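Before any comments, here is the structure.
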Amino acid sequence: MKIGIYPGSFDPVTNGHLDIIRRANKICDKIIVAIGINSAKRSLFTIEERIEMLRESCYCNDIEVQRIELTAFEGLLADLCKKKGVDFIIRGIRSVVDFDYEYPICLMNRRLAPDVETIFIMSDSEYYFISSSIVREVASYGGEISSLVPPFVNKKLTEKFPR
């Protein structure tokens, strides 16, 4: 069984994240979606809310949820990979800027967990510009984001930022 892990903050989950999960599902038997807890970052949504949004979003978007495990983690991703028996780290890449950011992390993860490979999945052009931070910013000013996030996430953002 090939196990992949897709780490991120998912604050909030976007349609771009779901595209990466859907496509990673084609190459992994199981995908662990690992929601990082970063005490240095101020999150809009709690870990529990992010897990709920991911669960609902995967379920409503024809993603094989029986092959997905949602988990929160704090600390080194390499340690979680070893603990969970992960074969692949899945990372979505939108541009060369993402690659420049991700490549050194990939090399460090390889040093810390030599048996775990990193797989970069290029973003679909439809989702190229979408990031959680852009979605949060636009939503905070009442902008239209319904095409960028799943309906359940749009509802949650509307509750956080009433128009």
Side-chain angles (χ1 to χ4, degrees), residues 1-38 41 43 45-133 135 147-156:
M1 173 183 279
K2 294 294 180 187
I3 301 173
I5 191 165
Y6 181 35
S9 62
F10 305 102
D11 188 33
V13 62
T14 68
N15 289 337
H17 292 130
L18 295 177
D19 179 58
I20 298 296
I21 292 169
R22 188 178 298 106
R23 291 165 58 205
N25 227 341
K26 295 176 183 177
I27 57 175
C28 299
D29 298 309
K30 176 182 177 181
I31 298 173
I32 300 166
V33 179
I35 302 102
I37 300 169
N38 184 344
K41 281 176 106 176
S43 299
F45 293 100
T46 67
I47 286 292
E48 295 77 20
E49 288 172 315
R50 288 183 269 166
I51 289 172
E52 177 188 24
M53 286 188 292
L54 274 159
R55 183 177 294 116
E56 181 70 22
S57 298
C58 288
Y59 181 77
C60 292
N61 280 280
D62 296 326
I63 294 173
E64 295 183 52
V65 292
Q66 68 275 12
R67 293 174 42 205
I68 294 176
E69 174 187 331
L70 303 175
T71 189
F73 82 101
E74 192 169 17
L76 293 174
L77 178 61
D79 292 341
L80 181 62
C81 289
K82 291 176 193 174
K83 179 181 172 186
K84 297 279 191 175
V86 167
D87 299 292
F88 306 108
I89 297 169
I90 307 292
R91 297 302 295 155
I93 300 289
R94 292 170 296 185
S95 69
V96 69
V97 174
D98 283 351
F99 181 79
D100 286 344
Y101 173 80
E102 293 289 346
Y103 188 59
I105 296 169
C106 165
L107 295 176
M108 180 54 73
N109 282 329
R110 186 180 301 154
R111 180 176 292 255
L112 296 172
D115 294 335
V116 180
E117 289 294 334
T118 298
I119 296 175
F120 296 114
I121 298 179
M122 296 305 298
S123 173
D124 188 287
S125 61
E126 181 180 356
Y127 308 112
Y128 172 77
F129 67 96
I130 301 173
S131 71
S132 293
S133 57
V135 166
S147 65
L148 309 178
V149 296
F152 185 73
V153 175
N154 189 40
K155 178 179 177 271
K156 291 292 190 184

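Computed from a predicted model, the values in this text were never measured in an experiment.
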List, one per line, each side-chain donor-acceptor pair under 3.5 Å for residues 103-118, sequence neighbours excluded.
unit_1 : atom_1 : unit_2 : atom_2 : d
N109   : ND2    : I105   : O      : 3.4

Applying salt bridge (Lys or Arg N to Asp or Glu O under 4.0 Å), can you list everything that pairs with K82, at least two apart in sequence or on another chain?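 If we apply the salt bridge (Lys or Arg N to Asp or Glu O under 4.0 Å) test to K82, skipping adjacent residues, there are no hits.
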Not counting sequence neighbours, which residues clear side-chain contact (heavy atoms from CB on, under 4.5 Å) with [X]? List them please.
X: E69; result: K30, I32, T71, K84
X: D124; result: D19, R23, E126, Y127
X: R67; result: N25, E64
X: K2; result: D29, D87, F88

Flag side-chain contact, heavy atom, 4.5 Å: [X] against [Y]:
X: I37; Y: I47; value: yes
X: I27; Y: I119; value: yes
X: I90; Y: I121; value: yes
X: L54; Y: I35; value: yes

Give a yes or no on whether the backbone of D11 and the side-chain of R50 come within a donor-acceptor separation of less than 3.5 Å.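 Not at all, since once roles are kept as given, no pair shorter than 3.5 Å links the two residues.
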For S132, does its backbone N or O pair with a side-chain atom of T14 as donor and acceptor, under 3.5 Å?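 No, because the side chain of T14 does not come within donor-acceptor range (under 3.5 Å) of the backbone of S132.
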Holding to ring pair (Phe, Tyr, Trp, His ring centres under 6.0 Å), I want the full list of residues that pass it with F10, two or more places apart in sequence or in another chain.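 Partners of F10 by the ring pair (Phe, Tyr, Trp, His ring centres under 6.0 Å) criterion, ordered by chain and then number, come out as Y6, H17.
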Around atom OH of Y128, are there more than 12 heavy atoms of other residues, nucleotides or ligands at under 6.0 Å?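 Open.
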Within residues 147-156 or reaching into it, pairs that qualify as side chain to side chain donor-acceptor pair (under 3.5 Å) - sequence neighbours excluded: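 For residues 147-156, and leaving out neighbouring residues, the side chain to side chain donor-acceptor pair (under 3.5 Å) pairs sorted by first residue read K155-E159.
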For S123 and I93, what are the C-alpha separation, side-chain angles and deciding distance, and is it a side chain to side chain contact (heavy atoms under 4.5 Å, CB included)? CA-CA 6 Å; S123 173; I93 300 289; over 6 Å; no
Salt bridge (Lys or Arg N to Asp or Glu O under 4.0 Å) partners of residues 93-103, not counting sequence neighbours, each pair once: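 For residues 93-103, and leaving out neighbouring residues, the salt bridge (Lys or Arg N to Asp or Glu O under 4.0 Å) pairs sorted by first residue read R91-E102, R94-D98.
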Step-by-step side chain to side chain contact (heavy atoms under 4.5 Å, CB included) determination, C28 to I3: CA-CA 6 Å; C28 299; I3 301 173; over 6 Å; no
Residues which pass side chain to side chain donor-acceptor pair (under 3.5 Å) with S133, listed by chain and number, not counting sequence neighbours: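 Side chain to side chain donor-acceptor pair (under 3.5 Å) list for S133, sorted by chain: S131.
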If you measure from CE on M53 to SG on C58, what distance do you get to the nearest 0.5 Å?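 It comes to 12.0 Å.
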Enter the distance from E56:CD to E52:CD here, rounded to the nearest 0.5 Å.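 That separation rounds to 7.5 Å.
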Taking it one step at a time, do N38 and S9 satisfy side chain to side chain contact (heavy atoms under 4.5 Å, CB included)? CA-CA 8 Å; N38 184 344; S9 62; over 6 Å; no
For a side chain to side chain contact (heavy atoms under 4.5 Å, CB included) check, start with the C-alpha distance between L80 and V86, then their side-chain angles and the critical distance, and finish with the verdict. CA-CA 8 Å; L80 181 62; V86 167; over 6 Å; no
Return the minimal non-hydrogen interatomic distance between G92 and I20, and the atom names on each side.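 The answer is CA-CD1, 3.9 Å.
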